[in-house]
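To keep things clear, I will list the structure first and then write my remarks on it.
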Amino acid sequence: MTTYRAIRGMVDILPEETPLWQSMETAALEVLSSYGYSEMRLPIIESTDLFARSIGEVTDIVEKEMYTFADRNDDSMTLRPEGTAGCVRAVVQHNLAVTPQRLWYMGPMFRYERPQKGRQRQFHQLGVEAFGVATPDQDAELIAICRQLWRRLGVDDALQLEINNIGSADDRARYRDALVAYLSQHRNQLDADSQRRLESNPLRILDSKSPDTQAVLDGAPGLQDYLDDTTQSEFQVLLGYLDALGVRYVLNPRLVRGLDYYNKTVFEWTTEHLGAQSTVCGGGRYDSLVETFGGKATPAAGFAVGLERLTLLMQALDITVSTPADLYVITADENAYQHSLPRLDALRRQFPDIDIVQHLGGGSFKSQFKRADKSGAAWALVYGEAEVAAGQVTLKPLRAEAEQQTIPDAELEAFLAGYLATAQSA
RNA sequence: GUGGCUGUAGCUCACCAGGUAGAGCACCGGAUUGUGGCUCCGGAGGUAGCGGGUUCGAGACCCGUCAGCCACCCCA
């Protein structure tokens, strides 16, 4: 008999973890709604060309990490490695860029990389994209949203904002020439990857982890010196907004990011709790992407949150979310079970917020109580032979040291209403 | 894609000059024929990731493969 495993890098999210995911998703929905952002639901597959053009032909993602295949019509398709390209495509296609647009989406992304902690081949991102606003108040709003989300989830203290200004495409082209000119003189002091990038993607050499390369970079020209005055002053305005918000940040002049479409502001939220995969959220401005895709020139900015990494961080901080039942229903025999059915049906309709789990499969009271205990339920609701005969039920507290009580069945509604009230105030 | 480490019961791990496996926790049952959590007793569960090789004999050694982890790389 063959046994199957999930294929490499594809991870099952099991019931034990889903409460954490749900709490994260709920927090995201509420925070984004509170800032006036609307949800988009986008295809997972787009034409290969869309990603190559937006992310950049010589980026790692496009060169070696995409899940690309020919469909039955022999067109080249790709499982999305990130969300911005598809979102911008949809915005252009449906003419959504005409007014200020605040959007978000959540879902799986695919990159063919070697898996390790915090890095999977299928992973999930929350993407937030805003169109039509060129001024730094937009950048500030996006960062404020991040921080609000971190606070909601209890990870605020564990994340650090790194931010940089990488200027316009023209600025970077001029800087690139100067950087290449400088680094070429020290070519043999660079690590192998960086030597290769000298031709392909020189800016990425900036955040090389090689100490030798970093030593060479200490004497390199700085990108900041190649940015025009407007860009520089806009960035200062943004930093002022962050100060006003009380968002602490670290200026990182070597933060460049690996996707070609970014310009001006780029930022990352990083943590020390996740080892090498330390970036939980990354984003920035991409003012020319809409035009690249054939839309009217529209400034834009956004960010993406790695949801697996966020859950990993929450787990590292011992943030737990569990959803035990409120009531576990125990019945003595077939007659009691049948007696309980219409009652539970009515209670569930009247109290949709109360979780009522019924014991299935029979068994002794003892084994049913064991199950009740393990379920984590707050109360056991017992329909025994005597209770059914007398029109009563027994309620036994499973989490508190208190006596069980037997009450008329008809008083259950009142009991549950009281239970709800105390649960909500607690 | 590169390098290193690991792979024994559901989980965490052990044993062993190479002689076909054991503990704790979890699970099931009983002590308690209407009551969980504590305790005690009992039980079930593994062809030692998979395939091949060396050997009289391998979970232990070798090779391959798959998977996980760590680092590089990269990013979420």
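Throughout, a chain's letter reflects where its sequence line sits, starting with A, and its residues are numbered from 1.
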Notebook entry, point to check: With a non-hydrogen cut-off below 4.0 angstrom, is Ala386(A) in contact with a base, only sugar-phosphate, or nothing?
Noted result: base
Item checked: A23(B) to G46(B) separation - C1' atoms, rounded to the nearest Å -> 14 Å
Note to self: Could you tell me how far apart Leu312(A) (CG) and G68(B) (P) are, to the nearest whole angstrom?
What the structure shows: 15 Å
Note to self: With rounding to the closest Å, how many angstrom separate the C1' atoms on A60(B) and U54(B)?
What the structure shows: 13 Å
So which protein nitrogen or oxygen atoms get under 3.5 Å of nucleotides 5-7 of chain B's nitrogens or oxygens?
none

Notebook entry, point to check: Taking N and O atoms by type only, does the side chain of Arg119(A) place a donor or acceptor under 3.5 Å from a partner on the base of C73(B)?
Noted result: yes
Show the distances under 3.5 angstrom between N or O atoms of the protein and N or O atoms of nucleotides 43-47 of chain B.
none

Item checked: Side chain of Pro115(A) - closest among C73(B), U35(B), C69(B) -> C69(B)
Next item on the list: Please answer whether U35(B) and Phe369(A) are stacked, defined here as ring centres separated by less than 5.5 Å and planes angled under 30°.
Entry: yes
Note to self: Go nucleotide by nucleotide along RNA chain B from the 5' end; which of Trp269(A) and Lys396(A) gets its closest nucleotide reached first?
What the structure shows: Lys396(A)
Check: Which parts of residues 34-53 of chain A get close to RNA chain B, meaning a heavy atom less than 4.0 angstrom away?
Finding: none
Next item on the list: Answer with base, sugar-phosphate or nothing: what part of the nucleic acid does Glu63(A) contact at a heavy-atom distance below 4.0 Å?
Entry: nothing
Note to self: Considering every strand and a 4.0 Å limit on heavy-atom distances, what is the contact class for Glu385(A): base, sugar-phosphate, or nothing?
What the structure shows: base
Notebook entry, point to check: G34(B) base to Gln404(A) side chain: any donor-acceptor pair below 3.5 Å?
Noted result: no
Check: Is Ala276(A) touching bases, backbone alone, or none of the nucleic acid, heavy atoms closer than 4.0 Å?
Finding: base
Notebook entry, point to check: Between atom CD in Gln116(A) and atom C1' in G68(B), what is the gap in whole Å?
Noted result: 11 Å
Check: Quick one: the side chain of Arg111(A) and the base of A76(B), do they pair up donor-acceptor inside 3.5 Å?
Finding: yes
Item checked: Watson-Crick or G-U stems of RNA chain B, 3 or more pairs, under 3.5 Å, by first number -> B:1-7 with B:66-72, B:10-13 with B:22-25, B:27-31 with B:39-43, B:49-53 with B:61-65
Margin query: Among residues at least two apart in sequence or on other chains, which ones pass side-chain contact (heavy atoms from CB on, under 4.5 Å) with Glu291(A)?
Written below: Ala297(A)
Margin query: Within the 4.0 Å heavy-atom criterion, would you say Glu82(A) contacts the bases, only the backbone, or no part of the nucleic acid?
Written below: nothing
Notebook entry, point to check: Using atom C1' of each nucleotide, how far apart are C28(B) and C72(B) to the nearest Å?
Noted result: 48 Å
Margin query: Using the side-chain heavy atoms of Arg309(A), tell me which of these nucleotides is nearest: C70(B), U35(B), A76(B).
Written below: A76(B)
Margin query: Students often get this wrong, so: under 4.0 angstrom with heavy atoms, is Leu259(A) touching a base, only sugar-phosphate, or nothing?
Written below: sugar-phosphate
Check: Would you call the rings of Tyr35(A) and Tyr37(A) parallel, tilted or perpendicular if under 30° counts as parallel and over 60° as perpendicular?
Finding: perpendicular
Checklist line | Residue list, ring pair (Phe, Tyr, Trp, His ring centres under 6.0 Å) with Tyr328(A), at least two apart or on another chain | finding: His359(A)
Item checked: C38(B) versus G49(B) - spacing of their C1' atoms, nearest Å -> 39 Å
Next item on the list: Would you please name every residue forming a side-chain contact (heavy atoms from CB on, under 4.5 Å) with Glu46(A), sequence neighbours left out?
Entry: Pro43(A), Leu50(A), Phe51(A), Arg89(A)
Notebook entry, point to check: Atom CD of Gln125(A) to atom C1' of A76(B): distance rounded to whole Å?
Noted result: 5 Å
Item checked: ring pair (Phe, Tyr, Trp, His ring centres under 6.0 Å) partners for Tyr67(A), two or more places apart -> Tyr112(A)
Next item on the list: Using whole Å, report how far NE2 of His273(A) lies from C1' of A76(B).
Entry: 18 Å
Check: With a 4.0 Å cut-off on heavy atoms, is Gln368(A) in touch with a base, just the backbone sugar-phosphate, or nothing at all?
Finding: nothing
Item checked: Results of side-chain contact (heavy atoms from CB on, under 4.5 Å) for Asp373(A) - residues two or more places apart only -> Arg399(A)
Check: Taking N and O atoms by type only, does the side chain of Asp373(A) place a donor or acceptor under 3.5 Å from a partner on the base of G36(B)?
Finding: yes
Notebook entry, point to check: Where along residues 7-19 of chain A does a heavy atom come under 4.0 Å from RNA chain B, residue by residue in number order?
Noted result: Arg8(A), Gly9(A)
Checklist line | Separation of atom CH2 in Trp379(A) from atom P in G36(B), rounded to whole Å | finding: 17 Å
Check: Whole Å only: how far is the CG atom of Asp60(A) from the P atom of C73(B)?
Finding: 11 Å
Next item on the list: For C73(B) and G59(B), measure between their P atoms and round to the nearest Å.
Entry: 41 Å
Notebook entry, point to check: Between G57(B) and C25(B), how far is it from one C1' atom to the other, in whole Å?
Noted result: 35 Å
Next item on the list: Assign Gln277(A) to base, sugar-phosphate, or nothing according to its heavy-atom contacts below 4.0 angstrom with the strands shown.
Entry: base
Check: What pairs with Asp170(A) under side-chain contact (heavy atoms from CB on, under 4.5 Å), at least two apart in sequence or on another chain?
Finding: Ser168(A)
Next item on the list: For U8(B) versus C50(B), give the span between their C1' atoms, rounded off to a whole number of Å.
Entry: 14 Å
So which protein nitrogen or oxygen atoms get under 3.5 Å of nucleotides 28-31 of chain B's nitrogens or oxygens?
unit_1, atom_1, unit_2, atom_2, d
C28(B), OP1, Arg371(A), NH1, 3.3
C28(B), OP1, Arg371(A), NH2, 3.0
C28(B), OP2, Lys374(A), NZ, 3.3

